[in-house]
Every structure is written in C-alpha cells, then in structure tokens.
Amino acid sequence: MIDKLDQVFVLLTQWVVGFLPAFLQPVAVVVIAVAAILVTFPGLFAICVLLERKGLGRMQNRIGPNRVGPFGLLQPVADGLKSLTKEDLVPLSADAAVHFLAPVFLVVVVFMGYAVLPVGRNMTLVNMDAGLLFYFAMGASTELSVFMAGWSSRNKYSLLGAMRAVAQMISYEVPLLMSSVAVVMITGSLSLNAIVDAQNVYTWGLPHWYIFTPWGFAGFVMFATAATAETNRSPFDLPEGESELVAGYFTEYSGFKFAEFFLGEYVGMLSISGLGATLFLGGWSAPLQVLGFVPSWIWFFGKVMLSMCVFIWLRGTLPRLRQDQLMNFAWKFVLPFTMLNLFVAAAWRFMGDGWLRWVVCSAVLVIAYVVMGRVGMRRKHFGPRSYRYAE
Amino acid sequence: MLGEGILKGLAETARNFAGSFVSAERLTTVEYPEQRIAPIEATRDFPFLVYDGTDPEAGLRCVACQICEKECPPKCIYIVKSTDKKPDYVGKLQIYPARFDIDISVCMSCQICVEVCPFEAIKMDTAFELATTDRFGGLLYDKKELSKSNEHYHAIHPTEAAEVDARLAEEKAKGEAKAKAAAAAALAKAAAPAAATPVPKPAAPAATVPAVKPAEGERNRDR
Amino acid sequence: MNPLTGYLLVAALLFAIGLAGALTRRNAILVLIGIELMLNAANLNLIAFWRYGPHPEALTGMMFAIFSIAVAAAEAAVGLGLVISIHRHAHTTDLDAMNRMKG
Amino acid sequence: MNFAFYLISGLAVAGALAAVLLKNTVHCALALTVAFAGIAMLFLQLGAQFAGFAQILVYIGAVAILVVFAILLTRGSETPRDGVYSKFPLTGLAIAAAVFAVLGWAVLNSASALPGAETTSAAPTVTVMDIGNALMSRYVLPLEIVALLLTAALIGAVIVAMHEKEEAN
C-alpha cells in the first residue's frame, strides 16, 4: 500500500496511457507529465503568492490579505483575475515584437528547467545524463529575456533595470554553477537522479544529505545566496528597485504580460529551490529512515515550500543591497569561497572515511570564512570621490 | 563575523512572525468595519450646529453673524440671514439663519469656524462615514441636516460640552442679574421722581439714557 | 542521400551566410556575428562527422567541438573588447572608417 | 532524413539569415540567438548532448549577452547614418555564394564515399563520465592550454576595453 501511494502518479499515468494504442504511448506519457508540471507549479505559484503576502504581513505585525475568500485563500485568484483583465499597454515607441517575445521566452525557458528535476522516486520527466548542465543552460538564457524586456520598452528606467539585472545574474551565475560542481564532484555524475540516489543512503537512521557535510553546508549557503540573486529576490532585488527604478525591466509591462513576468519569477524561484533541494537536501529522500513510508514526492514539495518560506523570510528582513556592494560581494566573497569549497570537496573525497576529514574540512572552511569575511568585506574607507563623465 | 547581523535580523522577524499569532502587541491591526478603535475625544470631522432644548428651529444658538462664513478658508459655509428675530438663550431677540449650508466635500475640518464663533453655535462632529453616491447634492448639508442637539454634543465631546454649558449658564445668570439690577434701578428711578417732582427736568433724561447704555454694552461684550 | 550530407549542407549554408554577413556588413559587431556563425558551422561539421564517422566512441569530434566552443567564446570576448576600445577612440564602429593605423 | 532535421535546420538557417540581413543591430543579435539555439538542437539531434548544452550555456547564455552589451556600449542600436551595408555588398554576396557552391559541390560529389552512407548506426550513447575521462586522459594537455588561453584572452579583453585612468581627467 505504501509503495502504491508513493508511486500513485506513475501508476495513474500508466493506467491512463494503457488505453492508447502502442505507438502513441511514449508521446502520451510525456504529454501527461508536461501537463502535470504545467498544472502543479503555477498552482504552487498561487499558493506562494498568498504565503508571501500573509507571511510578510505577519512579520510586520499586520495580518495580510484576509478579505477575499475564507482567510484570504482566494487572493491569488483575485490577483490573477485582476492582472488578466487589466489593459495591456504597449508603449508607442516600444519594439512590439521583442516587447511581446520577452515574457514568452522567459516563461518557456523557466518551465523547461523542470524537465530534469526529480520530483519523486522515478518521477523525473527526462532522466538526462547531463541533467544539471541542461538545467544551467536553461537558467543562463533567462538573462537574455530580461535584456529583451528592458531594451524593447525604450524606457531609461527599464534599460537601467535590465542592465543591472543582467550584470547581477551573470555575476551570480558563476558561483551558482561552482557550488553545484562540488556536488557533482562528490557524486561523480551530472544526472540529478544519480545525485539524489547518492544522498538517499542512511546510517543510524540519518540520511547522507550533502548539507550535513562541511563542504555541503558551505556550498548550500553559497548556493542559496547565488540563487536569491539569480531570481532577483530580497536583498538582491535591485533590478526592480521600486524606490529608484520604478519597476526595473518590467516597467512598461501591464496586464497579462506583467503577470507572465510575475509567474516567471516565482516559477523560477520554485525551480531553483527544487534544484537546491535536489543537490543539497536530498531531493525526495526522507529526513529519517523511519519516515521512509511517507510518499517521496511529499518530501520534495515540502523542501521546496520550506525554501520558499526562507525566500519570503529573507525578503521580510533584509534591506536591498547597493549595486556596487552587490557586485563586490559576488566577486570578492561568494566566488572565491565557492572555489575554495571545490578544493575542500576534493580533499573530502580523497581523505577517505574517518573523523579527520570532518575536522580538516570544517576548519579550513571556517577559517576561510572568517578571514575572507574580515578582509574582503570590511568597510572600505572611501577616498575623494572621482567622477567619470559619460563622454 | 560576516553574516551575524543577518542572523540577528532574521531572528527578529521570526520572533515577530511567531509572536503575531500569540501576543496581542505583536499584531496591532484593527480590522476596520468589524472592529473599531475607541473614538478619541478630540476627533473632529465636519461641523454641526448646536441647538438647545428640543426644537431645532427655536433653540438654534446660531445668530447668523456670518463670522464663520468669512473666516472659513475653503469658503464652504453659506448663510442667508432671516428677516425676523427670535429670542436666544438669554431671552434677547436675535436674528437667526434662514439658510445655513456647509459643503462637506469642500470642508477641510480645520475647526476655525468653531474657534471664531462667539455664540458657541457651531461644533465639530465625529461622524466620518458620510460617503454618498451623489457627488454634488449629497455632500451639501443644509441647516436641517446640520443642526444637532446639545445632548449629542455632550455625547461626542463631554468635557468640552460641559465647559461650554457652564460658561453659557454663568453668562445667562450674569445677564439675568444685570437685567434684574437694571430693572430694580429703573424702578428706583421711577420711585425717586415721584417723590421729588419739583426737581428740574434735566434729571429725567439722564435717567433714561443710562437705561439704554447697559443694553448696548451688553451687546458689544457679546460681540 | 545519407544523413551526413544533410548536416554537411546545412553547415556549408550557415558558413556561407556567416561569410556573407562578415563581408557585406558595415558595423564591426555584425562582422563579429558573421564570424561567430562561421565558427558554429565548423562545429556542426565536426560533430556531424563524429556522429556518422567510423569510431564515435573515440569522442574526437565532440571534444574538438567543445574546445572550439571555448576558444570561440574567448575570441568573441577579445573581439568585442577591441570594438569597444576602437569605438572609444574613433567614436565609430563603422569598419570603412577604420582605415588609419595611427593610435 | 526525418522531419525534425528539416525543421531545426530551417530554424537555424532562418536565424542566421536574419542575423545577417536585418537592419536593427539588436534584432540581429536576437536573431543570432535563434541561430545558436537551432545549431544547439542540431547537436542534440546528433547525439552530442554535452556539446549541445555547452553550446546553449556558452553561446546563448554568454556570447549573445556580450554581443548585445557591445552593441549598446557602442551606440549601435541607433540607425547608422550612412547605410547598413559596406561599399561593395554585391561582391561579398558573390564570394559567399561561390564558397557555398564549392562546398556544396564537394559534399554532394563525395556523398557516396562518406562513412555515414551504409552504417546507419544508432547514436553512440556518450555519457558525461566518458567525456570527463577523455578530458582527463587523452585531452588533458589541450584542456590546460584552453584554460590558459581563456584566462589570457579574458584578461586581455578587459584591459583592452578598460577605461584608462589618465584619459578621464
């Protein structure tokens, strides 16, 4: 019975596909799986929107939306309806084709990232051998859609916002890749299923998740920082800095296209949290061996929603970083630390079992963290201001 | 160490988040239509005309002196004087406003009319849910809609109303005392000429003149 | 017609388009775009021959393509760096105007 | 040749043509991304998964953005004053057509001799492990050289494009 519940979706698909003729079956399986993704994650997006507004409210001593539906549960429906019915303005001087294509390209690319995420035990759409590389290839092309949006609106604010967003996404994409390379080094394969299987091992009932190893924890912290910056969230939400940039690269978007950007951002956050859970938090593996009876996909979605709550928590707490602080932090702290993390992971791999590698790796990482934190990030004393006029 | 501040900040918001479900002072929202904040005594929204007694027409304190109309910065008060007179709380015959309009949509609740009114006739009400569908006529209140009883004034601004009533009562008492004294003096004057009719004529006009002066004095003071 | 010739023809067509771009356009960046296209056409050839070649397990074709992608990225970076610095000095990216060697 | 091949190569060629012929330079850059995506899909169709994703990651993720940034930095997006094409566009086209003719002739004539003719072998399943091993065993020298080259090239590019300090005041 337990196994049936765990594989309920797989069995359901096979049962449905059983009715179709043989040659149609592989196509039908893919279509059903894609349809499932296109239903669950926008559904999760609606829940996250409500979670965010109520969570932020509670953090600021207020209640958050509770008027639409019982306890505000229909608020996402109201938001969706509002953005669908709002008029979709396109500025006259805007470049209509690129202006229209930008959100479409963003949503398509973000959803393609889900093809490789292992949502549950053998519930991966495409079990690709180079799954992680595919995921980052898709992640890398979101910058282009951000640029298309910013440039095509022919508006200084949006162009500035796009420039900032692209610069930020590029400089935080490198640490994102580097911190996941450490995981690949230890697992020995780029396929996300293999990574989850490597972590799905238990000793004394405790799982072998990578976050419980020194290099894994450091990698996860850096991954989380880079992921927050990659999705333009909370401390790094400079591109849509309301105070100075109106709304960054989606200033000139309204109505459905704005909702698409909104959807793209949230679905991107869900997918990067999914990847973080898969790489460091053991994907769909249960936190304790005794809890193994719970279906695997519940653990995956639980971890994704947990990291969404952390995203919201960060948004409720941290002020926005300035552009130079943001860049400084990326290139002077996050990237060197992830590089060092690679060496520590290598040392971890070749020092063999035993307590020695725990001590050495943690010591190296802690010392590096403190030293780099103190040296790299100390208050820069600002000399006389030098001006550079645009020639 | 890098990141300490972030962790402290996160702990603070977490405390806020958890506290909002538990302790009252971490959830300060008052859900407006269902719950309401206790009205503060000094709230002021839009003016209303005070009348004593039960009949709004007779007891209206306003004497149409039009000071408030002149002083009102946004000019939202419109007064038309009456032709006849009616007695006020002291019993003196005073003009009353035939028409007294305030345009609520223009009024900015600055309370200058209350400060300049010499007759304590106009006070600030605390009712603010006055939204209407009709933008023009709906928000132009005439005398009937504006005039409210003194009891209502006591209900919304108890201490202030008490002071005003005390002052009015004391004035009334002084006025009556003066009137009584004037009446007594007039009586004494009338008795004195009877006793000494041979006294020369000029004394008579002197007697009548003082009788008139106190009345005027009284009006100036009232001004 | 075996599949390999299909790929080779597509690669040749892309190469010709890239060449046409490089030769006819006035803006320096579009010449670089033409060169990028030519490089990609070459990569396509490499992988087509690797796939249909006698020893696919030797991975030579694919490794060539991967290294060529890396080198092409470096070349693009340097090329655009040059274009930007030329633009700063001569305030133009018009190739016909860049005929003076003086710095 | 199956339908997918025609579709994808059509996309790639269309992207390339647009990248070369369009007036607006930023449109050219975006069309270039379509061409890169088409070529990446061709790689995937040929079974070279790693190369296809590397192509997407490197070209669409970085080179396209680089080209677009360069266009904006050199004010390329405004309409150029004196025409889009160089002085002798026709000769350029003629040369390109000639090159294509020669290549096409060579490919078609040698069609029979090409190895792919008879052995319709299934796509060799190349795992990333094999690529890693190949990189670390046979191609370790080229790997180091490319690493050096990349570092030198990027530092050089930064220095060339950097804003000289003394020129500022």
Side-chain angles (χ1 to χ4, degrees), chain C residues 1-10 12-21 23-27 29-30 32-34 36-37 40 43-44 47-48 50-54 56-57 59 62-63 65-67 69-71 73-78 80-85 87 93-96, chain D residues 1 5 9 12-13 16-17 19-20 25 28 32 35 39 42-43 46-48 51 54-55 58 62-63 66-67 70-71 73-74 76 80 83-87 89 92-93 95-96 99-100 103-104 107 111 114-117 123-124 126 130-131 134 139 142 146 149-150 153-154 156-157 160-161:
Chain C
M1 182 170 94
N2 65 30
L4 182 56
T5 50
Y7 285 101
L8 296 185
L9 279 178
V10 167
L13 186 58
L14 284 174
F15 186 85
I17 293 170
L19 185 64
L23 293 180
T24 54
R25 288 302 281 242
R26 186 183 287 274
N27 187 340
I29 294 171
L30 285 162
L32 276 174
I33 284 181
E36 286 300 321
L37 277 174
N40 272 321
N43 283 351
L44 186 58
I47 292 198
W50 162 71
R51 163 71 175 76
Y52 291 106
E57 70 290 346
L59 287 184
M62 194 159 158
M63 298 315 293
I66 290 169
F67 281 130
I69 286 176
V71 169
E75 172 268 334
V78 171
L80 290 168
L82 285 174
V83 165
I84 289 171
S85 65
H87 175 74
T93 56
D94 175 354
L95 281 180
D96 296 347
Chain D
M1 291 310 290
F5 166 71
S9 49
V13 166
L17 270 176
V20 163
T25 30
C28 286
L32 183 69
I39 293 167
L42 281 176
F43 285 175
L46 281 167
Q55 156 98 349
V58 167
V63 169
L66 200 64
V67 165
I71 288 173
L73 281 176
T74 57
V84 165
Y85 294 105
S86 59
K87 276 201 283 294
L93 282 180
I95 295 169
V99 161
F100 179 63
L103 288 177
V107 162
L114 286 179
V126 178
D130 312 336
I131 294 176
Y139 296 97
V146 161
L149 178 109
L150 274 173
L154 290 180
V160 160

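Letters A, B, ... are given to chains in the order of the sequence lines, protein chains preceding strands, and every chain is numbered from 1.
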Query raised in the report: Which is it for V126(D) and W50(C) under the side chain to side chain contact (heavy atoms under 4.5 Å, CB included) test, yes or no, and what are the steps along the way?
Result: CA-CA 12 Å; V126(D) 178; W50(C) 162 71; 3.3 Å; yes
Query raised in the report: If we only count heavy atoms from C-beta on, is the L44(C) to L46(D) side-chain gap below 4.5 Å?
Result: yes
Query raised in the report: Which heavy-atom pair separates A12(D) from L14(C) by the least distance, and what is that distance?
Result: O-CD2, 4.0 Å
Query raised in the report: So which of I29(C), L59(C), T24(C) has the biggest tally of heavy-atom pairs under 4.5 Å with chain D?
Result: T24(C)
Query raised in the report: V99(D) versus chain C, heavy atoms under 4.5 Å apart: side chain, backbone, both or neither?
Result: side chain
Query raised in the report: Looking at G21(C) and V20(D), what are the two nearest heavy atoms and their distance?
Result: CA-CG1, 3.5 Å
Query raised in the report: What are the two closest non-hydrogen atoms of A157(D) and A77(C), and how far apart are they?
Result: CB-O, 3.7 Å
Query raised in the report: Where on I33(C) is there a heavy atom nearer than 4.5 Å to chain D: the side chain, the backbone, both, or neither?
Result: both
Query raised in the report: Between L13(C) and chain D, which part of the residue has a heavy atom less than 4.5 Å away: side chain, backbone, both or neither?
Result: both
Query - Straight-line distance of M63(C) CE to D130(D) CG, nearest 0.5 Å - result: 10.5 Å
Report summary line: Looking only at I131(D), L93(D), I95(D), L73(D), the option with the highest number of non-hydrogen pairs under 4.5 Å against chain C is I131(D)
**Report entry** Option that, when pairs with chain C are counted at under 4.5 Å, heavy atom only, ranks first among P142(D), A134(D), G156(D), A62(D)
**Finding:** P142(D)
Report summary line: When every non-hydrogen atom of C28(D) is compared with those of R25(C), the smallest separation belongs to SG-NH2, 3.9 Å
Requested in this report: Take I69(C) and Q55(D), measure what side chain to side chain contact (heavy atoms under 4.5 Å, CB included) needs, and give me the verdict at the end.
Outcome: CA-CA 7 Å; I69(C) 286 176; Q55(D) 156 98 349; 3.9 Å; yes
Query raised in the report: Which bit of V160(D) is near chain C, if near means a heavy-atom gap under 4.5 Å: side chain, backbone, both or neither?
Result: both
Query raised in the report: Can we call the ring centroids of F15(C) and F100(D) under 6.0 Å apart?
Result: no
Requested in this report: Could you pull out the closest heavy-atom pair between A19(D) and L30(C), with the gap in Å?
Outcome: O-CD2, 3.9 Å
Report task. Please look at V13(D) and chain C and tell me whether the side chain, the backbone, both or neither of the residue comes under 4.5 angstrom of a heavy atom of that chain. Result -> both
**Report entry** Between CG on residue L149(D) and CD on residue E75(C), distance to nearest 0.5 Å
**Finding:** 10.5 Å
Query - Top contributor to chain D interface from N40(C), V78(C), L23(C), I84(C) [non-hydrogen pairs under 4.5 Å] - result: N40(C)
Query raised in the report: Going through the checks in order, is the side chain to side chain contact (heavy atoms under 4.5 Å, CB included) test met by N43(C) and I39(D)?
Result: CA-CA 9 Å; N43(C) 283 351; I39(D) 293 167; 5.9 Å; no
Query raised in the report: chain C heavy atoms under 4.5 Å from L32(D): which part of the residue, side chain, backbone, both or neither?
Result: side chain
Query raised in the report: Do you know the tightest heavy-atom contact between V10(C) and S9(D)?
Result: CG2-CB, 3.6 Å
